[in-house]
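Before any comments, here is the structure.
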Amino acid sequence: MSYDHRTIESTQQQRWQDEGIYRAVVDWNKPKHYALTMLPYPSGDLHIGHWYAMTPSDARARYMRMKGFNVLFPMGFDAFGLPAENAAVQRNVHPAKWTWANIDRMRGQLRSMGAMFDWEREAVSCEPSYYKWTEWFFAQMFEHGIAYRGEAMVNWSPTLQTVLANEQVIDGKDERTGQPVLQKLMEQWFFGITKYADELLDLSSIDWPESIRSMQANWIGRSEGARVDFEIAGAGSDGGTITVFTTRPDTLWGATFMVLAPEHPLVDQLTTDEQRDAVDAYRAEAARRTELERLENENDKTGVSTGGFAVNPVNRARIPVWIADYVLVSYGTGAIMAVPAHDERDFAFARRFGLDVVPVIAPADADTVAGAAMTESYVGPGTMINSGPLDGITVNEAKGRANPAIAAAIDWLVEHQAGEESVNYRLRDWLISRQRYWGSPIPIIHRADGGLEAVPTEQLPVVLPEDVEFEGRSPLVTHPDFASVADMHGGIGRRETDTMDTFMCSSWYWFRYLSPQFETAAFDPEEAAYWLPVDVYTGGAEHAVMHLLYARFFVKAMRDMGHFDDTIEAMAAHGRSAEGLFDEPFMMLRNQGQILGEERRGDRVVVDGNADGNRILAASVRVDPDAPDDAGMVVGELMRRTENLLQVRVGDRTVTVEVPDDAVVEVPSIPGANDVNQLKHHLDVERMSKSRGNVVNPDLLVDQYGADTVRTYLMFAFEWQKGGPWDSRGIVGSRRFIEDVWRLGTHEYQPGSIDEPASIHLRRQTHRTMQKVGHELEAFKWNTAVAALMSLRNDLLDARKQSNVSSEAWAESVDAMLCLLAPIAPHVTDDLWRQRGNQQSVHLHPWPTFDPALIVDETVTMVVQVNGKVRDRVDVPADITEADAEATARSLERIQEWLEGKTVKTVVVRPPKLVNIVVT
RNA sequence: GCCCGGAUGGCGGAAUCGGCAGACGCGGCGGACUCAAAAUCCGUUGCCCGCAAGGGCGUGUGGGUUCAAGUCCCACUCCGGGCACCA
């Protein structure tokens, strides 16, 4: 019977479902393992990236279960979001209908993966039974003062007709469509995530990748420094102050002017009558420009004087106050003290507008240049000068109080009540409201008197009306009934028509999986007490500063609002300590890389040289994508390179070009001298996208090769955390492997003449594979786990050919191979497992344990080096003594030849692996 | 500019502690089977010299430590990612 993946996979999937083997039920007698993989957005089709993310997660969940853990591995859909509304506008289909149709389709595709998802725990964020609790969390946040309504400069996307969070804007463009985003002053809903900035910076209790830690730290952007108050000159003692944040209070004596953001609230007060027109014009221009346009002329400083002055608190100097768009209203206090002598931007501004430059730091090894003569700012270390009480103090490269000059400056400010030590963050509060329909409604009622109140819990959820029309604007605003509502006291109220950022839905979904039907709370404390927290979370690194930061914030806020109290109580009842379990959502995080489109086969090369028979002998080869067809003797795509032979496609024929060593090779993208080795027949690998036509469809692959082969290939062909270009040719190797497993599993082994060492060898390889595969799966190293199993396959093929191992050794090895491969290729292994007479699924079988005595070799190949170079090898007993190892090494004929006429200086002996004889 | 990660055959990649570089797979080459092709099987495959035995070179570049370096240290180049007029 030959291997038929279609029958095997559908049969096994049906059997798993019938037997209900993936149902995860609380069992306090077993250790638990909560494995979570990021839930998909129901975009319509599962793509190869979903498979790449999910099948290894599934394999590891299966492995943990075989290791004896009670494993929860749930799945759901992050179902609110803009694409559904776009579909509504473009195709005139209701977002709910579109979303649910996609979910149905994707559920089927997810089943074809053969993953062990527990579908009874499925959660879908657009279901009222789900978003009731999303709303409830919002109401809780509102009542605890974490959610608030505030006016701020926010990101407005004209394309999407909604505001966006800072995290969703990259380089002034929205991260989904790449369209420009405007800055607008608007009243919106925010979550006070900045209160948690310091706690979010501490990732010491969780096992997360370094890159994610650094991205989160960068995003939070903590800076240490001081806040300094500058009196507004001529306004009297209580006429107001301009507060600035600076990381360099030590340079205060060099502050010769101030700059406010154009939107700063004090600008009106400071502006003199003479400057009024210029200031108004500048502010209007700044408001018109997008973030993008501001960034374009970064080096070209603009600004205008307000005509007003402030007093530098350290020396009572009257300094002019300017406005300029290089100061951002959203960072720090929206105002800076400018120290042109020691800040590049301030220097450029001062030179442009003829403002004073006063150096206050003398470099240690160079003469101090007078301010007027400086050609650039000095940002290095040195000694304080022109700074009154700070003169003579050392300035080093350290930040904050670790720098003696900064410490002295802060002390001076505190003593003179002119400022204080301060920490500033780049992180802004999370803008949560969206002017869109397809999201969870914000459960707030605006009272007639302007007050705000949360919709009471018993009235939740605020359900999205279904009878809506889509005409660009959110239909909630224009809906006849939705917005009109009574407030708590029966007064006239207006319902909030904004919905929540969909990241809100995904900030708590792993709690809903615990008890998706639970009606009295967001999750059942009894389930939570057993399963929480998530032990392993897998998914893409693109969520580093969005989902993963929000999720951490959410759990900390839930903890502070007391929403884990019932769970902690339930834990105590079962004798489980809650210590440290509710500060972070995900104890371990691992990211997969991204699968890119298949390599583009050719580069355009220009070859000149001589015809030599039916090939060209090249004198020069140049890579030039834009070369015209007549640029050289042979011009075309480089299709293949083998050693120094190139296959170049010219029109519809292929020309062979030989590149001798003395040919000139030019690859403009690689500087310096190039040779033939640097010619690549692929310089262009891109993300998969429909428009590029390089999308790999997993459904077609599954149909052609089977899910087991696709899973195995995805785990084998890449370094998982890295990803890389798809290679459609490579999958046959995985298919051959699965077919070999099938043949070995169905082979009726009859030993010929049994060779005892061969049996022992097979057993040793088997037990080593047990050790190796377990070790690799533990560490998320799928490729080497598969490689180890392929090696065992090779050993078994060899044993079958020789027929020289005992039946027991054969059976042990085949059974082990099926168990070890089961997490990776669940269908074929379970089919074979049952064919081999087992009653229960291989997935319920315990993970094989290796015998440590069996994996040690009796003999080892010892390497003998002379002066660090391998000169001979010899098989020696594994327990050889140091003396015997040296004697054996010296006795080797080839070693003696190398020692002849030389004096042995030292001999390094590392039995049983190596002897290195050092001679002179 | 600052921060994080990386660079190993034609390709994807492997190499617990510093101890045989290139596991495993793809691709290539040669052969068997076949009328032929596909599939399959056998052999081979880092580069260079050599008929061979064998030798030399080799993990981005340049130094260093060591009996021994892909692995440790210093300096640099390039690639990927994050942050950035961030005060």
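Not measured: the values here are computed from a predicted model. A, B, ... follow the sequence lines: proteins, then strands. Residue 1 opens every chain.
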Chi class for B/C83: syn within 90° of 0, otherwise anti: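 Anti, which is what one calls it when the glycosidic angle falls more than 90° from 0.
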
Conformer about C1'-N of B/G30 - syn within 90° of 0, anti elsewhere: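 Anti, angle beyond 90° from zero.
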
For atom [atom1], what is the distance between [N] and [M], given to the nearest Å?
N	M	atom1	result
B/G12	B/G28	C1'	15 Å
B/C85	B/G81	C1'	22 Å
B/C76	B/G22	P	33 Å
B/A14	B/G9	C1'	13 Å
B/C47	B/U59	P	15 Å
B/C41	B/A53	C1'	32 Å
B/G50	B/G63	C1'	34 Å
B/C48	B/C42	P	28 Å

Round to the nearest Å and state the distance from [X] atom [atom1] to [N] atom [atom2].
X	N	atom1	atom2	result
A/I170	B/G82	CD1	P	7 Å
A/R345	B/G1	CZ	P	15 Å
A/Y326	B/C86	OH	P	10 Å
A/Q183	B/C85	CD	P	12 Å
A/E598	B/G27	CD	P	12 Å
A/L596	B/C79	CG	P	17 Å
A/E344	B/G1	CD	P	10 Å
A/D343	B/A87	CG	P	9 Å

Position toward the 5' end of RNA chain B (nearest nucleotide), A/M215 or A/T333: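 Nearest nucleotide further toward 5': that of A/M215.
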
Pairwise 5' ranking along RNA chain B for A/S214 and A/D346, keeping only the more 5' one: A/S214

Any-strand Watson-Crick or G-U partner of [N], both distances under 3.5 Å:
N	value
B/A84	none
B/G70	none
B/G12	B/C24
B/C78	B/G6
B/G30	B/C42

Atom CD of A/Q896 with >12 non-hydrogen neighbours under 6.0 angstrom: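 Yes, CD of A/Q896 has more than 12 neighbouring heavy atoms, counting only those of other groups under 6.0 Å.
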
Carboxylate-amine/guanidinium proximity below 4.0 Å for A/E224 and A/R222: yes

A/R590/A/D207 ion pair, N-O < 4.0 Å: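 Looking at A/D207 together with A/R590, the answer is yes, because their closest N to O distance falls below 4.0 Å.
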
Is any side-chain heavy atom of [X] less than 4.5 Å from a side-chain heavy atom of [Y]?
X	Y	answer
A/F718	A/W726	yes
A/V904	A/V907	yes
A/S330	A/M153	no

At under 4.0 Å, does any side-chain N or O of [X] touch on OP1 or OP2 of [N]?
X	N	value
A/R426	B/G82	no
A/R227	B/A87	no
A/K801	B/C41	no
A/R213	B/G82	no

Footprint string (nucleotides 13-26 of chain B, 5' to 3'): B base within contact, S backbone only, - free, heavy atoms under 4.0 Å: SSSB--BB--BBSS

Residues that A/W208 engages under side chain to side chain donor-acceptor pair (under 3.5 Å), provided they are two or more places apart: none

Give [X] one of three labels, base, sugar-phosphate or nothing, depending on what nucleic acid heavy atoms sit under 4.0 Å from its own.
X	result
A/T906	nothing
A/R871	sugar-phosphate
A/W782	nothing

Any residue meeting ring pair (Phe, Tyr, Trp, His ring centres under 6.0 Å) with A/F230, in chain and number order, not counting sequence neighbours: none

Flag for A/D346-A/Y326: side-chain donor and acceptor within less than 3.5 Å: yes

Pair of N/O donor and acceptor under 3.5 Å linking B/C67 base with A/K905 side chain: no

Geometric cation-pi criterion A/R426 and A/W219, 6.0 Å radius, 45° cone: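 Satisfied, under 6.0 Å and within 45°.
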
